[in-house]
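Below you'll find the structure, written out as structure tokens, and then a few comments.
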Amino acid sequence: MKKIILFADPGIDDSVAIMYALRNPEIKVLAIVSSYGNVDKEQATDNIAYLLKLAGREDIPIIGGTNAPSSGETPTYYPEIHGKEGLGPIRPPEDLQVELTNFSELYTIIKNNPGLTIVDVGRNTSLAALFLLGENLTKDVSEFYIMGGAFLVPGNVTPLAEANFYGDPTASNLVMQNFDNLYIAPLNVTNKAIITMEHVNTVLDMTDHPLVQILDDVMEYYIEAYKKLIPGIGGAPLHDAVTLSLMVNPSMGKTIRREVEVFTGVSGMGTSSADFRVSSKNAEKNINIFLELDYEAFLKDFIQVMGGPGK
């Protein structure tokens with residue numbers, strides 16, 4: 001079983017990733033770090049608390065992450081994709097009781113669970129802060145899985161940049177330069193992780209779990225948003241859920257080991273860069289970029305986990 005700390009900013013795709021992690025019997029979620037990103041931190045926290053309540057997992061601590069990128073600029077949110085509250089048409093109950101755990105508790109969790117995995121499917125600001133405020137994480141954490149970047153494919157915010165790296169390129173570059181045992185799931189593979197309403201209906205026919213039942217309205221909203229962005233797409237890519245699926249099933253993808261830089265200047269801000277020339281050497285650090293995905297294997301895993309008996 002993979003013990004993980006999950007950094008997220010839900011957002012629909014982050015929310016589905018949280019559902020996947022909570023439903024997967026091969027994943028034990030030790031904590032979820034709530035930060036700004038697709039929505040502001042307060043809304044992200046409410047969304048996480050709502051999902052944990054539906055799952056009956058209110059024992060999992062919600063850690064208070066960062067409110068804004070390293071630059072101090074006001075973040076850009078995406079209500080046209082995720083809805084005003086980040087869960088499409090769904091609004092968490094107003095009387096929801098939410099208690100944030102102090103950020104420093106992360107160091108205790110890491111110390112008490114040697115060999116755990118950290119997964120960051122949002123902006124990398126909180127993860128960078130964890131590194132800057134503490135000791136070298138790479139000796140205590142087995143591996144890091146990051147959803148971010150786009151290599152030799154178009155970005156989704158600018159022609160070159162993906163949203164997570166663009167949202168705080170300074171933090172993302174710090175992670176790339178200082179972390180070891182790093183696995184990156186960029187748009188190269190996450191764009192291929194398309195889920196349609198037919199897939200959603202298959203899952204809903206398999207279980208009546210209250211956490212999964214909201215998948216209907218959430219994914220319908222998300223898919224309609226993507227149809228406006230990419231006419232003819234037929235579904236929506238689950239960028240964050242596929243990152244967790246790759247963590248559990250690494251053979252489902254193919255990686256290449258390379259040094260990575262994230263551009264922090266105004267020109268090309270947020271662009272992820274690596275040397276893919278035949279003559280280039282493997283990275284000195286263990287940095288692995290997923291470039292290929294077995295879509296059918298992902299689809300099978302997603303449906304089995306979401307529609308299965310859970311844990």
| Is N124 reaching over with its side chain to a backbone N or O of L127, donor-acceptor style, under 3.5 angstrom? | no

| said: Has H199 got a side-chain atom pairing as donor or acceptor with T196's backbone, closer than 3.5 angstrom? | reply: yes

| query | So how far is it from I4 CD1 to I32 CD1, rounded to the nearest 0.5 Å? | reply | 8.0 Å

| request: Decide, yes or no, whether a salt bridge links K285 with E259 under the criterion of side-chain N to carboxylate O below 4.0 Å. | output: yes

| task | Check the pair T125 / S70 against side-chain contact (heavy atoms from CB on, under 4.5 Å), numbers first and verdict last. | result | CA-CA 7 Å; T125 317; S70 305; 4.1 Å; yes

| Spatial distance of atom NZ (K192) from atom OH (Y295) [nearest 0.5 Å] | 12.5 Å

| Just by modelled atom types, is the G65 backbone N or O under 3.5 Å from a matching donor or acceptor in the K41 side chain? | yes

| request: Sort out for me which residue in T45, D46, N47 forms a side chain to side chain donor-acceptor pair (under 3.5 Å) with Q43. | output: N47

| Straight-line distance of N38 CG to D9 CG, nearest 0.5 Å | 4.5 Å

| Derivation and outcome, side-chain contact (heavy atoms from CB on, under 4.5 Å), residues I27 and M1 | CA-CA 6 Å; I27 298 175; M1 177 179 288; 5.8 Å; no

| field | Atom pair CG (L299) and CD (Q304), whose distance is rounded to the nearest 0.5 Å | value | 10.0 Å

| F179 and I287, any side-chain heavy atoms less than 4.5 Å apart | no

| Which heavy atom of Y145 sits nearest a heavy atom of P250, and at what distance? | OH-CB, 4.2 Å

| query | Mind checking whether L246 and L293 have side chains closer than 4.5 Å, heavy atoms only? | reply | yes

| query | So, does N249 use its side chain to make a donor-acceptor pair with the main chain of S245 at under 3.5 Å? | reply | yes

| task | Determine the minimum heavy-atom distance between D240 and M147, stating which atoms define it. | result | OD1-CG, 3.5 Å

| said: Minimum heavy-atom separation for T243 and A185, please, with both atom names. | reply: OG1-CB, 3.5 Å

| message | Can a donor-acceptor pair be found, under 3.5 Å and without considering hydrogens, that links the side chain of N181 to the backbone of S142? | response | yes

| task | Give a yes or no on whether Q97 atom CD has more than 12 heavy-atom contacts from other residues, nucleotides or ligands under 6.0 Å away. | result | no

| said: Using a 3.5 Å distance criterion without hydrogens, assess whether the side chain of S272 forms a donor-acceptor pair with backbone atoms of A150. | reply: yes

| message | Could you walk me through whether H239 and N164 satisfy the side-chain contact (heavy atoms from CB on, under 4.5 Å) test, starting with their C-alpha distance in whole Å, then the side-chain angles of each, then the deciding distance to 0.1 Å, before giving a yes or no? | response | CA-CA 11 Å; H239 304 285; N164 283 339; over 6 Å; no

| field | Step-by-step side-chain contact (heavy atoms from CB on, under 4.5 Å) determination, V157 to E162 | value | CA-CA 6 Å; V157 174; E162 175 275 331; over 6 Å; no

| task | Answer yes if L52 and V98 sit in the same cluster of Ile, Leu, Val, Met, Phe, Trp and Tyr residues linked by side chain heavy atoms under 4.5 Å apart, and no otherwise. | result | yes

| Single-linkage hydrophobic cluster I5~L100, side-chain heavy atoms < 4.5 angstrom | no

| task | Taking the side chain as every heavy atom from C-beta outward, state whether V218 and S15 have any atom pair closer than 4.5 Å. | result | no

| Would you call V141 and I110 a side-chain contact if the rule is heavy atoms closer than 4.5 Å? | yes

| query | Between K2 and E143, is there a side-chain N and carboxylate O pair less than 4.0 Å apart? | reply | yes

| field | Distance-only donor-acceptor check, side chains T66 and S126, under 3.5 Å | value | yes

| query | With distance as the sole test, does Y226 use its side chain to make a donor-acceptor pair with the main-chain N or O of Y221 at under 3.5 Å? | reply | no

| Sidechain-backbone polar pair: N113 side chain, I109 backbone, donor-acceptor under 3.5 Å | yes

| said: So does D275 get a backbone contact from the side chain of R258, meaning a donor-acceptor N/O pair under 3.5 Å? | reply: yes

| message | Quick one: does any side-chain atom of N102 pair with a main-chain N or O of E105 as donor and acceptor, under 3.5 Å? | response | no

| remark: Heavy atoms of A236 and Y222 approach each other most closely as CB-CD2, 3.5 Å

| Atom pair CZ/CG of F290 and L187 - distance to nearest 0.5 Å | 15.0 Å

| said: Atom CD of residue position Q177 - does it have more than 12 heavy atoms of other residues, nucleotides or ligands inside 6.0 Å? | reply: yes

| task | Check whether I63 and V29 end up in the same hydrophobic cluster, where Ile, Leu, Val, Met, Phe, Trp and Tyr are linked by side-chain heavy atoms less than 4.5 Å apart. | result | no

| query | Between P169 and M269, what is the shortest heavy-atom contact and its length? | reply | CG-CG, 3.6 Å

| query | Taking atom OG1 of T202 and atom CE of M197, what is their separation to the nearest 0.5 Å? | reply | 10.5 Å

| note | On a heavy-atom basis, the closest approach of F302 and A241 is CE1-CB, 4.4 Å

| message | Please tell me whether N24 and Y20 have a donor and an acceptor in their side chains that are separated by less than 3.5 angstrom. | response | yes

| task | Report yes if the side chains of L133 and Y107 come closer than 4.5 Å at any heavy-atom pair, otherwise no. | result | yes

| message | Is the shortest side-chain heavy-atom distance between T190 and L238 below 4.5 Å? | response | no

| said: Side chains of E261 and N173, heavy atoms from C-beta outward: is any pair under 4.5 Å? | reply: yes

| field | Co-membership, hydrophobic cluster, residues Y183 and L6, 4.5 Å side-chain | value | yes

| field | Path from V260 to L174 over hydrophobic side-chain contacts below 4.5 Å | value | yes

| said: Are H209 and R23 packed together at the side-chain level, in the sense that at least one heavy-atom pair is separated by less than 4.5 angstrom? | reply: yes

